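The chains referred to below are lettered A, B, ... by the order of the sequence lines, with proteins before strands, and numbering in each begins at 1. No experiment lies behind these values; they were computed from the predicted model shown.
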Amino acid sequence: MNDKPLSSHWADISADTIIRERGEKEHYVCASGITPSGTVHIGNFREIISVELVVRALRDRGRKVRFIYSWDDYDVFRKVPANMPRQEYLAQYLRQPITCVPDVLGREESYAARNEKNLEAILPKVGIEPEYIYQASRYRASHYAEEMKTALDKKDTIRQLLNAHRTAPLPEDWQPLSVFCTQCHRDTTEVKNRDGEYGIRYECSSCGNTETVDLRSTGAVKLPWRIDWPMRWHHEKVDFEPAGKDHHTEGGSFDTARTIAGEVYKCEAPVTFQYEFVRVKGGSGKLSSSSGEVVSLSDVLRYYQPEVVRYLFAGTRPNTDFAISFDLDIFKIYEDYDKLERSYFNKPDNPKKLNKWQKDARTYELSQISHIPQTQPAQIQIRHLTVLLQIHSGNIGKALEHINPLAPRDILKLTKRAECAWNWVCDFAPEEFRFSLRSPETPPIPLAPELAAAVLQLRHLSEQQLGKIPEKDFSKLMYQIIQTNQLESAEFFRAVYQLLIAKDEGPRLINFLHILGTETVLPLLSPA
RNA sequence: GGGCCGCUAGCUCAGUAGGUAGAGCAACGCCCUUUUAAGGCGUGGGUCAAUGGUUCGAAUCCAUUGCGGCUCACCA
C-alpha cells in the first residue's frame, strides 16, 4: 500500500496514525457513541463527525472500515431533563434503563428511541451513515455474557485499577456489574453473591425482590460504564475512538478503560484523540431546543447548508474549541466556504502555495456530502440571497430567478442555501437588516414638496432607464437629481427607502432598484 | 490537587509532521458628485505571553514560569 500521507489535514494524520499503530488490517473499526439521555447536541455531533472524517480518510487510502455508533440505551435514567413535559410522570422511571422510559411526546416507543431516531434521521443529510448498535438489545440478549463473566472473574483486579483514581475506594464486596431488578426495572440492587460461574443473586432495595439470574439468559445485568467501554473495545476490536475532555484526563474513564482493556480483556486501547467542546454564539433564545439549553444538529442545519456544517468541523482541529455562530458571523462562514470552493477549482502553479492549497483542497473534499463536484458549482453570496428573499417575501423560486440560468445540480444546493438564508432572516437577522416591500396600498409618509419632486424625477428616470443603462450611469443620473433639487443625499435616500420599504435605510439603493426592476419600483415611487 | 486546551495585529481568529509572520473586521488614506447591513483600491500596524534549551534556522519541538478556560478525582 502507498502510505504517503494524503495531506497534512488532521483527519489524514489520524488515519495514518491508525494504520501505523494498528498495523495493516483487513478492515479497521472506528467507533463513536453516546447515551441517548437527552437531545444529541452539536457538541456530541463533533465526536460523530470527527470519526466520520477519519473513516473517510481511511477509505480514501483504500482501507475497509466498519464505522459503528453505539447507542448506550441501557444506561440508567438518572434525572428528568428540564426541557421535558410531564416531569412528575417521568420521575417514576428514574433508576430504570432509559430504554424503558416512555416517550412523553408520544412518537416513539421510548424516550431513548426518540433521541436515537431524531439523530439517525438527520445524520444522512450531512453524509454520515454509521452502523448503529443498540446496547439495550445487546445486553437483553445476553450478548456480553462471556465478557461479564470475565469481569466477575477479575473483579479484584478491576477494583484495584479503579481505586487508583478514586477518593473513596470501592468496598471489598463490590461487584463489577449493575443489575436492573426484573420486577421494578430499577438498578437499586445489590449483588449478593455468585456461584463462580454465570449465576448471580441480587436483592432490590426498592421492591425487596431477591432473585438468582444467569448471565447467559438474563437481560437484567450490565457492566458499569468504566468496564463496559473497554469490554466493547475488545468485543468489537475497536481501532479508533475519540472522546471528549471529560473522558480524556488522567484518572478519567479513558484512562481506566485503557488499563482494564489491557489487564482484563487483553486488548489495546484504540487510537484516540480528545476533542474540545463546541460553543454557541448568537441566536440565544430562538433555537428550537434552547429550552433545554442545547443546540442540536437540526438547529444548525436550519441555518447552515450541510456542506458548510461539515466544513465547520473539518476545517477546525478537534482539540481546539470553537463557536458556532448564529449572528452576522454566519455570512463570513459561508464566504469562507465559497472562497475555499473557488480555490479548490483553481490550483496554483506556485509550488510554495501548493502546500497550503493541498490542505485546503482536502478540507473542501472532506466537506462534501458524497461526490466531489468536477467543476465549480455556481455560488450566490448568502447576503445577496437575504436581499432577494426579502424582496420576494421568502419565495425561493422567485428569488433564484434573479440568478438564471442555473444548472440543475446547482439549483438543489442553492435552494438549500436559500432556505437557510431565509430561516436566518426570520429568526436572527438584526432589525436594521430586515425589510419587506411596502404594499402600494399602504399610504407612504408625507414628503416635503422638494423631496416629492425629486422622487418623481427618480420615478421618471426609472421608467425610462432602469435596467437599460449600466448601474454606474444610472447612479450618476440619480445624483444629478439630488443635486439639481439641492437636497442632502441622506434625506433623499431616506425618502426613497420610506417609499420602497417604509424604513429609513435599506440595501444599497442603486443595486436594490435594479434587482426590484421597473415594474416593482414604479408603483412604489409615488409620493402621497 | 491532577490532566487537557489556549495565550499571534485594536478585535475575532488562521497558521504547529521547523524554512522570510497571515485573513476578516476596525483604523487610516485615496477613488467613484456615492448614503447604508453591503462599493473599489491602497496603507499602516506584531519582541507570535515570558525565560531558557535543541537547531544552520523555532509561532511551530523540549523545559520552566505566568495568565485564562475547561475537565477529572460521583455517575456516565
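Spacing of C1' atoms, B:G6 relative to B:G44, comes out at 29 Å, to the nearest Å. Nucleotides B:U65 and B:C25, compared at atom C1', are 34 Å apart to the nearest Å. A gap of 14 Å separates the P atoms of B:A9 and B:A23, to the nearest Å. With both ends at atom C1', the span from B:G69 to B:G29 equals 40 Å, rounded to whole Å. Between the C1' atoms of B:A63 and B:A26, the separation comes to 39 Å (whole Å). For B:C48 and B:U43, the C1' atoms lie 23 Å apart once the distance is rounded to whole Å. Between B:G15 and B:U71, the two P atoms lie 24 Å apart (nearest whole Å). A distance of about 27 Å separates the C1' atoms of B:C56 and B:A49, rounded to the whole Å.
In terms of the ring pair (Phe, Tyr, Trp, His ring centres under 6.0 Å) criterion, residue partners of A:H248 (sequence neighbours excluded) are, by chain and number, A:F254. With sequence neighbours excluded, the residues satisfying side-chain contact (heavy atoms from CB on, under 4.5 Å) with A:E263 are A:T157, A:L161. For A:S206, the side-chain contact (heavy atoms from CB on, under 4.5 Å) partners at least two apart in sequence or on another chain are A:C184, A:R186, A:T188, A:C204. Every salt bridge (Lys or Arg N to Asp or Glu O under 4.0 Å) that A:K245 has, sequence neighbours left out, goes to A:E276. Scored by the salt bridge (Lys or Arg N to Asp or Glu O under 4.0 Å) test, A:D255 finds no partners at all (sequence neighbours excluded). Listed by chain and residue number, nothing satisfies the salt bridge (Lys or Arg N to Asp or Glu O under 4.0 Å) test with A:R258 (two or more places apart in sequence, or in another chain). Applying the ring pair (Phe, Tyr, Trp, His ring centres under 6.0 Å) criterion to A:F331, with sequence neighbours excluded, gives A:W424, A:F433.
Counting any heavy atom pair closer than 4.0 Å across all strands shown, A:P430 reaches no nucleic acid atom. Here A:K332 lies in heavy-atom contact (under 4.0 Å) with sugar-phosphate atoms only.
Atom CG in A:D73 sits roughly 15 Å away from atom P in B:A76 (whole-Å rounding). Residue A:I98 contributes atom CD1, which lies 13 Å from atom C1' of B:C75 at whole-angstrom precision. Summarising the geometry, the separation between CG on A:D12 and C1' on B:U16 is reported as 17 Å, rounded to the nearest angstrom. Going from atom OH of A:Y275 over to atom C1' of B:G6 covers 19 Å, rounded to whole Å. One interatomic measurement links the two molecules: CD of A:Q274 to P of B:G69, which rounds to 18 Å at whole-angstrom precision.
Note on A:K359: a side-chain N or O is less than 4.0 Å away from OP1 or OP2 of B:U16. Phosphate contact (OP1/OP2 of B:C74, side-chain N/O of A:T167, threshold under 4.0 Å): present. Considering only side-chain N and O atoms, A:R226 lies under 4.0 angstrom from the phosphate OP1 or OP2 of B:A73.
When the nucleotides B:C75, B:C72, B:G69 are ranked by their closest atom to the side chain of A:R166, B:C75 comes out on top. The side chain of A:T249 has B:G2 as its nearest neighbour among B:A23, B:C74, B:G2.
Identified under the salt bridge (charged side-chain N to carboxylate O under 4.0 Å, His left out) test for residues 503-514 of chain A, with sequence neighbours left out: none. Annotation: salt bridge (charged side-chain N to carboxylate O under 4.0 Å, His left out) contacts involving residues 35-51 of chain A, sequence neighbours excluded, are absent.
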Give the dot-bracket line for RNA chain B from 5' end to 3' end: parentheses for intra-strand Watson-Crick or G-U pairs under 3.5 Å, square brackets for crossings, | for inter-strand pairing, dots for unpaired.
((((((((.[[[[.)...(..]]]].(((((.......))))).....[[[[[..)....]]]]])))))))....

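Along RNA chain B, the nucleotide nearest A:V76 and the nucleotide nearest A:E250 are compared for position; the residue whose nucleotide lies closer to the 5' end is A:E250.
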Starting from the C-alpha separation in whole Å, work towards a yes-or-no answer on side-chain hydrogen bond (donor to acceptor under 3.5 Å, both in side chains) for A:N485 and A:Q457.
CA-CA 10 Å; A:N485 288 282; A:Q457 287 168 34; 3.2 Å; yes

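Salt-bridge check for A:D239 with A:R63: failed, with every basic side-chain N at 4.0 Å or more from each acidic carboxylate O. With respect to the salt-bridge test (charged N to carboxylate O, under 4.0 angstrom), the residues A:D228 and A:R138 do not qualify.
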Can you give one letter per nucleotide of nucleotides 31-37 of chain B, going 5' to 3': B for a protein heavy atom under 4.0 Å from the base, S for sugar-phosphate only, - for none?
-SBBBBB

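For the contact set between residues 316-324 of chain A and RNA chain B, defined by any heavy atom under 4.0 Å, the members are A:R317, A:N319.
When only modelled atom types and interatomic distance are considered, A:E365 and A:Y344 share a side-chain donor-acceptor pair under 3.5 Å.
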